[in-house]
Amino acid sequence: QLQVVESGGGSVQAGASLRLSCVASGHTFPSYATGWFRQTPGKEREFVAATTWSGSSKYYGDSVKGRFIISTDNPKNTVHLQMLDLAPEDTGVYYCAATYDYSKMRAVDGYTYWGQGTQVTVSS
């Protein structure tokens, strides 16, 4: 079974950058898609970004488009989320997720495998 683990969260000031990483292990057939979602207390989990295995197709949520960059490092089974110009509204727990089904890459229910999450806190 595929497993994913996030790292790289932390507390930063507004305008700073962070890079999150998601490492996959287990039965990592080279065709899974990876997505990032975030959640704050009392709110639904929000789509942030996703990429196909090859990196040929990438998707971003409207609130992060132009500031966040998702990239793949396939030899290391790793996907990075580079977050630039962070704002307090970006605060939340960031989850990495993986799926072999490419049909709903922007949707929470499109993913089967989830990490435990990493906290990102942006102060003004």
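- Counting heavy atoms from C-beta outward, R38 and Y95 have side chains that stay 4.5 Å or more apart.
- The neighbour count for K76 NZ, taken as heavy atoms of other residues, nucleotides or ligands under 6.0 Å away, does not exceed 12.
- A donor-acceptor contact under 3.5 angstrom links the side chains of S63 and E46, judged on distance only.
- Donor-acceptor pairing under 3.5 Å is lacking for the side chains of S71 and H80.
- Looking at L20 and M83, their side chains come closer than 4.5 Å, going by heavy atoms from C-beta outward.
- Put simply, the side chain of Y32 reaches to within 4.5 Å of the side chain of L2, judged on heavy atoms.
- Below 30°, between 30° and 60°, or above 60°: for W114 and F37 the angle between ring planes is between 30° and 60°, a tilted geometry.
- Donor-acceptor pairing under 3.5 Å is lacking for the side chains of E89 and T91.
- For the pair I69/L81, no side-chain contact is recorded, criterion being any heavy-atom separation below 4.5 Å from C-beta on.
- Taking 4.5 Å as the limit, every side-chain heavy atom of R67 sits out of range of all side-chain heavy atoms of Y60.
- Between Y94 and F68, the ring-plane angle classifies as tilted under the 30° and 60° cut-offs.
- Side-chain contact between V79 and C96: absent, with no pair of heavy atoms (C-beta onward) separated by less than 4.5 Å.
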